[in-house]
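Just below is one structure, and these are the notes that go with it.
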Amino acid sequence: MSKKPEPQQNHLLAALSPEVQGRLFPHLELVQLPLRALLYESRRPMRHVYFPTNAIVSLQYVMENGASTAISVVGNEGLLGITLFLGGESTPSRSLVQSAGYAYRLPRLRVKEEFNRHGQLLLLMLRYTQALITQVSQTAVCNRHHSIDQQLCRWLLLSMDRLSHNHLTMTQEFISNMLGVRRESVTQAALNLQKQGVISYSRGLIKVLDRPKLEALSCECYAVVKKESDLLLNYMPQRQVITNVDTIPTATL
């Protein structure tokens, strides 16, 4: 039986003082986030803020014709629902679970109550919001100016930075929807990375073999987002350098 996730597995919650944790933790509710679960739908009322522990959630913008593109990813570094404490009750984007796992959620009234104390939670949430804005902005630039191969590298790196386990299950169609490109383009980009020895690609399984090279092949967008996150989210632990490739996170396509 797997161990129940703890709130402190979310790094933002872990960074709160014992006093603030004492006020919030009794109201946290652990929820399971299955793959493709929808947390927020565009323009629908938002009732909770979610703090992922070992799940990854994709924030997607959906066009009138149904086409969608991911604008950011959220994992154990932060939270979903920034609109609630910025004054809104809904969002123009939707939040879709990209990697299954768990999150703790907090009712919106509790979030606003603590936020309005103008204390530690306010500071951490505002700093996280700035980091998230950087990611959204850089994604827009990346989607416009960089190749699909570079976009796939960026997406794999951002996903791995947020993993708390060693695998990620996902279909080619889902990845193509997130990147806003054709499914065949994702397949070709993965094959290109395999030919360069960066990943292995067999029967739908992608395994990263050379992370430094993956970072080198990615456009500058990943580095920009990582640098800003390291600056703003100083509560985050240092990313460990993985020497055993068998322990590097994998993505099943």
Side-chain angles (χ1 to χ4, degrees), residues 2-33 39-40 45-59 72-91 93 95 97-138 158-165 224-241 249:
S2 59
K3 185 179 179 181
K4 174 183 175 182
E6 297 293 335
Q8 290 87 346
Q9 288 178 239
N10 177 278
H11 298 301
L12 194 154
L13 290 178
L16 296 171
S17 67
E19 178 185 359
V20 179
Q21 289 181 354
R23 288 195 295 265
L24 295 182
F25 281 20
H27 304 286
L28 291 173
E29 177 187 4
L30 180 64
V31 292
Q32 188 172 7
L33 304 182
L39 300 186
Y40 301 131
M46 303 165 68
R47 296 182 172 83
H48 297 88
V49 166
Y50 291 82
F51 299 88
T53 58
N54 59 351
I56 303 175
V57 181
S58 170
L59 276 63
S72 63
V73 291
V74 177
N76 58 10
E77 84 287 359
L79 71 152
L80 294 116
I82 63 172
T83 304
L84 282 177
F85 60 83
L86 291 178
E89 298 294 330
S90 65
T91 174
S93 62
S95 301
V97 177
Q98 167 183 314
S99 177
Y102 289 86
Y104 279 89
R105 69 182 185 183
L106 193 65
R108 62 183 178 186
L109 292 180
R110 293 291 179 183
V111 175
K112 291 182 178 181
E113 180 183 83
E114 186 62 37
F115 188 82
N116 290 333
R117 289 176 179 267
H118 295 249
Q120 188 185 30
L121 186 67
L122 179 147
L123 177 61
L124 288 177
M125 283 184 162
L126 290 181
R127 291 174 71 91
Y128 175 71
T129 299
Q130 184 176 340
L132 190 64
I133 290 173
T134 299
Q135 186 186 159
V136 172
S137 302
Q138 206 65 39
L158 288 173
S159 297
M160 287 194 295
D161 285 349
R162 289 158 176 79
L163 285 172
S164 56
H165 50 76
V224 170
V225 173
K226 184 69 168 62
K227 182 178 180 180
E228 188 75 355
S229 296
D230 289 346
L231 176 65
L232 293 167
L233 311 183
N234 53 15
Y235 56 79
M236 289 290 292
Q238 284 293 109
R239 177 171 57 83
Q240 295 181 348
V241 177

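Heavy atoms only: backbone and side chains are in, while hydrogens, waters and symmetry mates are out.
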Quick check against the 3.5 Å criterion: does Q120 have a side-chain atom that pairs as donor or acceptor with the backbone of S17?
yes
Using a 4.5 Å cut-off on heavy atoms from C-beta on, say whether the side chain of L30 contacts that of K4.
yes
Do L28 and L13 have side chains that get closer than 4.5 Å, going by heavy atoms?
yes
Taken in chain and number order and not counting sequence neighbours, the residues that satisfy salt bridge (charged side-chain N to carboxylate O under 4.0 Å, His left out) with K227 are none
Gap between atom CG of L33 and atom OG of S99 - 0.5 Å precision
10.0 Å
Polar side-chain atom of Y235 near backbone of E77 as donor-acceptor pair, under 3.5 Å
yes
How far does NE2 of H48 sit from CG of L80, to the nearest 0.5 angstrom?
13.5 Å
Report yes or no: does E228 contribute a side-chain atom to a donor-acceptor pair with the main-chain N or O of V225 at less than 3.5 Å?
no
What residues form a ring pair (Phe, Tyr, Trp, His ring centres under 6.0 Å) with Y104, not counting sequence neighbours?
none
Could you please spell out the steps behind the side chain to side chain contact (heavy atoms under 4.5 Å, CB included) verdict for R47 and R105?
CA-CA 10 Å; R47 296 182 172 83; R105 69 182 185 183; over 6 Å; no
Which heavy atom of L84 sits nearest a heavy atom of K112, and at what distance?
O-CE, 3.3 Å
Apply side chain to side chain contact (heavy atoms under 4.5 Å, CB included) to the pair Q130 and I133, showing each step before the final yes or no.
CA-CA 5 Å; Q130 184 176 340; I133 290 173; 5.6 Å; no
Shortest non-hydrogen contact from H118 to L122?
CA-CD1, 3.9 Å
Identify the heavy atoms of S95 and V57 that sit nearest to each other, and give their distance.
CB-CG1, 3.8 Å
With Q8, which residues qualify under side-chain hydrogen bond (donor to acceptor under 3.5 Å, both in side chains), at least two apart?
none
Hits for salt bridge (charged side-chain N to carboxylate O under 4.0 Å, His left out) against R127, two or more places apart or cross-chain, chain-then-number order -> none
Interatomic distance, L121 atom CG to L12 atom CG [nearest 0.5 angstrom]:
7.0 Å
Over all heavy atoms of both residues, which pair between V73 and R162 is shortest? Give the atoms and the distance, please.
O-NE, 3.5 Å
Heavy-atom nearest pair, R108 first then M46, reads NH1-O, 3.1 Å
Working to the nearest 0.5 angstrom, can you tell me the gap between L24 CG and E19 CD?
10.5 Å
Quick one: CG on L231 to CE on M236, what's the gap to the nearest 0.5 Å?
14.0 Å
Rounded distance (nearest 0.5 Å) linking atom CG of L79 with atom OG1 of T129
7.0 Å
Would you say S159 and Q98 are linked by a side-chain donor-acceptor pair, where the criterion is simply a distance under 3.5 Å?
yes
Please enumerate all residues that pass salt bridge (charged side-chain N to carboxylate O under 4.0 Å, His left out) together with R117, with sequence neighbours excluded.
E114
I need the minimum non-hydrogen distance between G81 and V49, along with the two atoms involved.
O-CG2, 3.8 Å
Applying ring pair (Phe, Tyr, Trp, His ring centres under 6.0 Å) to F115 and not counting sequence neighbours gives F85
Mark yes or no for whether N10, through its side chain, and T53, through its backbone, hold a donor-acceptor pair below 3.5 Å.
no
